[in-house]
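A quick write-up on the structure given underneath.
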Amino acid sequence: MNSIYLDPILGWYEANARDLPWRADDATPWGVLVSEIMLQQTPVARVLPVWQTWMRRWPAPADLAAEPSGEAVRAWGRLGYPRRALRLHGSARAITERHGGAVPSAHEELLALPGIGSYTAAAVASFAFRQRHAVLDTNVRRVLARLLGGVEYPPKSQTRAEVRLAESLLPLDPPTAARWAVAVMELGALVCTARTPRCADCPVIASCAWQRAGRPAYDGPPRRGQTYAGTDRQCRGRLLAVLRDAEGPVEKPALDVVWSDAVQRERALDALVADGLVDPLQDGRYALPV
DNA sequence: GAGCCGTGGGA
DNA sequence: TTCCCAAGGCT
């Protein structure tokens with residue numbers, strides 16, 4: 001399927017793909033998995049140095065599994081959404097215990113790991129194991145919305161129609177399908193971008209429905225909203241940063257000083273404890289989890 | 001299914 | 001400066 005897009009996009013990828021370490025020939029499935037978790041909602045440039053340090057320290061799942069979860073949270077640094085660090089640590093332990101220390105290749109087994117949803121399972125199965133899966137992330141959804149749908153942006157939540165469309169475009173040969181998946185994603189990341197698409201550099205501009213329609217602006221409901229300043233999220237970030245930057249356990253006052261609203265602060269701290277990101281010690285101090 | 005969960009850089 | 005958003009997942 002997919003005769004008119006396949007060759008141009010594969011050719012474009014061949015010439016323009018970024019040289020990312022998790023795409024190197026010597027990259028392991030574990031390295032791919034770690035990159036996919038880190039890249040969730042996080043730009044490549046910020047992931048790169050953390051991934052390098054992480055892989056040097058924990059080259060295999062068993063290496064991370066042997067550490068306290070708090071070490072994963074600390075090494076996560078300021079990547080954001082630190083529960084991902086906890087889940088990655090959980091995945092390392094599950095892989096070590098249930099899969100003999102080897103990242104599973106089956107989509108269903110990947111899906112069963114914490115922090116791995118439909119996208120990440122498909123991405124790891126495709127990128128690390130060269131399987132044939134529809135890898136539908138925000139980049140791919142945007143490319144397909146424009147190329148075939150003729151609209152600027154895809155719907156807010158993923159639809160079955162999008163999945164079916166992505167599946168219908170997959171080359172039959174698994175390795176080629178895997179190549180196609182990463183190529184479309186890269187096209188979305190570098191050319192068919194959200195804000196200011198570089199259509200002049202697009203290998204399939206002649207076949208683009210959005211281009212043909214005159215690049216109409218998105219006309220649906222507002223896609224965003226969500227202020228950040230003053231939210232529990234910001235508060236949680238401040239509190240966790242104190243623990244991350246400390247050598248060991250910290251006294252309560254050290255946390256109190258980073259957020260003035262006591263009610264919100266306590267609520268956020270309780271939530272961090274409930275999430276397993278913070279460990280309240282017997283003596284009243286707080287620490288990253290063991 | 002809507003809301004929540006961090007962070008920082010570019011337009 | 002403000003706003004948008006970057007390879008999502010979970011409840």
Any chance the side chains of A:Tyr119 and A:Glu36 put a donor and an acceptor closer than 3.5 Å? yes
Mapping A:Arg83 and A:Thr196 onto DNA chain B by nearest heavy atom, which one lands closer to the 5' end? A:Arg83
Distance check: side-chain N/O of A:Gln40 vs OP1/OP2 of C:dA7, anything under 4.0 Å? no
Rounded to the nearest Å, what distance is computed from the CG atom of residue A:Leu113 to the P atom of nucleotide C:dG9? 12 Å
Distance in angstrom units between A:Met185 CE and C:dA6 C1', rounded: 13 Å
Using atom C1' in both nucleotides, what's the gap between C:dT1 and B:dG8 to the nearest angstrom? 15 Å
Whole angstroms only, please: what is the CG-P distance between A:Leu86 and B:dC5? 15 Å
Against the side chain of A:Thr138, the closest entry in B:dC5, B:dT7, C:dG8 is C:dG8
Assuming nearest nucleotide by heavy-atom distance, tell me which of A:Glu36 and A:Ile116 is located more 5' along DNA chain C. A:Glu36
Are A:Arg236 and A:Thr231 linked by a side-chain donor-acceptor pair shorter than 3.5 Å? no
Over all strands shown, is A:Leu79 touching base, sugar-phosphate only, or nothing at heavy-atom distances under 4.0 angstrom? base
A:Arg233 has a side chain; which of B:dG6, B:dT7, C:dA6 sits nearest to it? B:dG6
With no hydrogens and no angle check, just 3.5 Å: does a side-chain donor-acceptor pair link A:Glu67 and A:Trp58? yes
Ignoring backbone atoms, test whether A:Tyr119 places a side-chain nitrogen or oxygen under 4.0 Å from the OP1 or OP2 oxygen of C:dG9. no
Pick the closest DNA chain C nucleotide for A:Arg87 and for A:Val182 by heavy atoms, then say which residue is nearer the 5' end. A:Val182
Please confirm whether the shortest side-chain N or O distance from A:Arg78 to OP1 or OP2 of B:dG8 is below 4.0 Å. yes
Nearest to the side chain of A:Leu20, which nucleotide is it out of C:dA7, C:dG8, B:dT7? C:dA7
Less than 3.5 Å apart, any donor N or O on the side chain of A:Tyr81 or A:Arg87 sitting next to an acceptor on the other? no
For a quick test of reading the model: is some side-chain N or O of A:Thr42 closer than 4.0 Å to OP1 or OP2 of C:dA7? no
If you go through the side-chain atoms of A:Ser118, does one of them form a donor-acceptor pair with the base of C:dG9 closer than 3.5 Å? no
A:Asn139 CG to C:dG8 P: how many Å, rounded? 7 Å
Using a strict cut-off of less than 4.0 Å between a Lys/Arg side-chain nitrogen and an Asp/Glu carboxylate oxygen, indicate whether A:Glu186 and A:Arg23 qualify as a salt bridge. yes
Heavy-atom nearest nucleotide on DNA chain B taken for A:Leu240 and for A:Ser157; more 5' hit belongs to A:Ser157
Given C:dA7, B:dG9, B:dG6, identify the nucleotide with an atom nearest to the side chain of A:Arg195. B:dG9
